[in-house]
Amino acid sequence: MQYMRRSVLAAVTLISLATPAGTASAQDSWPAKPGGNGVGTASVNGSEAAVSRSEGGIQVSASSAMTENYSKAEAVTVVNEITCNFQIDNPHQSGTPGFQHRWNVHATMKCSGYNNGNVPWMYSSVDIARNNLWSLYWNPTHAYDKNNVTGTAAQECRFNQPTDQWQGRALGHVQMPPGFEPQSLDFDVESDTFAQGFACGPPPAL
């Protein structure tokens, strides 16, 4: 059986964390979480995307697809699609005992669809800034032949400095299986900025 393979790209969409993919609308957007300033941004493959929020953070969704058109008496078209959601949560004080003197941010890539969303390679790299001073640690987390990966960044907060401002940034990359277009998805997401308030414990005693 002979067939012709043709690749297509599904539109990039922004969705609420509580909303199934493909059903995003203006009504899905949450207001910025109290304490946040609503400056979070997102882009996919270099193109800016409007930000949609949930109570936990912001998320961007993008798809890559491979369409197979079979030349038979009855035309059969099969669309194999992989959709990846990249979420960055709101920066927050660490809840780990002994580490309440640090602020954290997490980012998670999760893919679904063809082959259960498993892709040859993906990574998530996360950074966190206090008063626009980024840690520049990045620490990428890689996954191979998987459908999800999570990255984390942390930085020490300053006790009794309630005006300090915190923001997270995450870079994500997904390498698609052969035949999919686009062959890769690159995400760049920045969280809203949050005032620290008194959410910082004293540093541990030496």
Engineer: To the nearest 0.5 Å, how far apart are CE in M122 and OG1 in T141?
Structural biologist: 12.0 Å
Engineer: Using a 4.5 Å cut-off on heavy atoms from C-beta on, say whether the side chain of T83 contacts that of S61.
Structural biologist: yes
Engineer: Taking side-chain contact (heavy atoms from CB on, under 4.5 Å) as the test, write out the residues that go with T96, two or more places apart.
Structural biologist: S94, F99
Engineer: Do S191 side-chain atoms and G168 backbone N/O form a donor-acceptor pair below 3.5 Å?
Structural biologist: yes
Engineer: Under 3.5 Å, is there a donor-acceptor pair between the D127 and S135 side chains?
Structural biologist: yes
Engineer: Please report the shortest heavy-atom distance between A153 and V126, naming the atom on each side.
Structural biologist: CB-O, 3.5 Å
Engineer: Would you say that T67 contacts V78 through its side chain, given a criterion of any heavy-atom pair below 4.5 Å between the two side chains?
Structural biologist: no
Engineer: With the side chain counted from C-beta on, respond yes when I82 and F180 share a heavy-atom pair under 4.5 Å apart, and no when they do not.
Structural biologist: yes
Engineer: Tell me which pairs pass disulfide (SG to SG under 2.5 Å) where either residue lies in residues 121-161, with sequence neighbours left out.
Structural biologist: C157-C200
Engineer: If the condition is side-chain contact (heavy atoms from CB on, under 4.5 Å), which residues does A129 pass it with, not counting sequence neighbours?
Structural biologist: W134
Engineer: Report the residues that fulfil salt bridge (charged side-chain N to carboxylate O under 4.0 Å, His left out) with D186, sequence neighbours left out, ordered by chain and then residue number.
Structural biologist: none
Engineer: Nearest 0.5 Å please: distance from the CD atom of Q165 over to the CG atom of L133.
Structural biologist: 12.5 Å
Engineer: Run the side chain to side chain contact (heavy atoms under 4.5 Å, CB included) test on I58 and I88 for me, step by step, so that the C-alpha distance in whole Å, both residues' side-chain angles and the decisive distance to 0.1 Å come before the verdict.
Structural biologist: CA-CA 6 Å; I58 62 175; I88 187 170; 3.5 Å; yes
Engineer: Give me the atom names and distance for the closest heavy-atom approach of A62 to L185.
Structural biologist: O-CD1, 3.8 Å
Engineer: Quick one, N80 and P177 - any side-chain contact, counting heavy atoms below 4.5 Å?
Structural biologist: no
Engineer: Using a 4.5 Å cut-off on heavy atoms from C-beta on, say whether the side chain of T163 contacts that of Q196.
Structural biologist: no
Engineer: Taking the side chain as every heavy atom from C-beta outward, state whether N131 and R158 have any pair of such atoms under 4.5 Å apart.
Structural biologist: yes
Engineer: Search all heavy atoms of G98 against all heavy atoms of H101 and return the closest pair with its distance.
Structural biologist: O-CE1, 3.4 Å
Engineer: First locate atom CD of E48, then atom OG1 of T41, and finally report the distance between them rounded to the nearest 0.5 Å.
Structural biologist: 7.0 Å
Engineer: For residues T152 and V105, determine if any side-chain heavy atom of one lies less than 4.5 Å from a side-chain heavy atom of the other.
Structural biologist: no
Engineer: Is it true that the side chains of Q93 and Q100 contain a donor and an acceptor less than 3.5 Å apart?
Structural biologist: no
Engineer: What are the two closest heavy atoms between Q175 and S184, and how far apart are they?
Structural biologist: OE1-CB, 3.9 Å
Engineer: Do T108 and T150 have side-chain atoms, one donor and one acceptor, less than 3.5 Å apart?
Structural biologist: yes
Engineer: With disulfide (SG to SG under 2.5 Å) as the rule and sequence neighbours excluded, what pairs involving residues 95-139 come up?
Structural biologist: C84-C111
Engineer: Who passes ring pair (Phe, Tyr, Trp, His ring centres under 6.0 Å) against H92, sequence neighbours left out?
Structural biologist: H106
Engineer: Evaluate the criterion side chain to side chain contact (heavy atoms under 4.5 Å, CB included) for residue pair S124 and F86; output intermediate values, then yes/no.
Structural biologist: CA-CA 9 Å; S124 174; F86 194 42; 3.8 Å; yes
Engineer: Who passes side-chain hydrogen bond (donor to acceptor under 3.5 Å, both in side chains) against Q155, sequence neighbours left out?
Structural biologist: none
Engineer: Quick check for you: to the nearest 0.5 Å, what is the distance between N85 atom CG and S63 atom OG?
Structural biologist: 8.0 Å
Engineer: Who are the side-chain hydrogen bond (donor to acceptor under 3.5 Å, both in side chains) partners of W103, not counting sequence neighbours?
Structural biologist: none
Engineer: Where do F194 and N90 land on the side chain to side chain contact (heavy atoms under 4.5 Å, CB included) test, with the steps shown first?
Structural biologist: CA-CA 8 Å; F194 286 81; N90 297 320; 3.5 Å; yes
Engineer: Measure the CD-CZ distance between Q87 and F187 for me, rounded to the nearest 0.5 Å.
Structural biologist: 12.5 Å
Engineer: Let me confirm one number: the CH2-CG distance from W166 to N104, rounded to the nearest 0.5 Å.
Structural biologist: 9.0 Å
Engineer: Run the side chain to side chain contact (heavy atoms under 4.5 Å, CB included) check on I128 and Q167 step by step: do they pass?
Structural biologist: CA-CA 6 Å; I128 188 169; Q167 186 178 28; over 6 Å; no
Engineer: Can you confirm whether P182 sits close enough to N45 that some side-chain heavy atom of one is under 4.5 Å from a side-chain heavy atom of the other?
Structural biologist: yes
Engineer: List in chain and number order the residues that pass ring pair (Phe, Tyr, Trp, His ring centres under 6.0 Å) with Y123, two or more places apart in sequence or in another chain; answer none if no residue qualifies.
Structural biologist: W121, H142, H173
Engineer: Could you list the cluster mates of F159? Members are the ILVMFWY residues connected by side-chain heavy atoms closer than 4.5 Å, either directly or through other members.
Structural biologist: none
Engineer: D188: what forms a side-chain hydrogen bond (donor to acceptor under 3.5 Å, both in side chains) with it, not counting sequence neighbours?
Structural biologist: R169
Engineer: Run the side-chain hydrogen bond (donor to acceptor under 3.5 Å, both in side chains) test against N147 and tell me which residues pass, sequence neighbours left out.
Structural biologist: K110
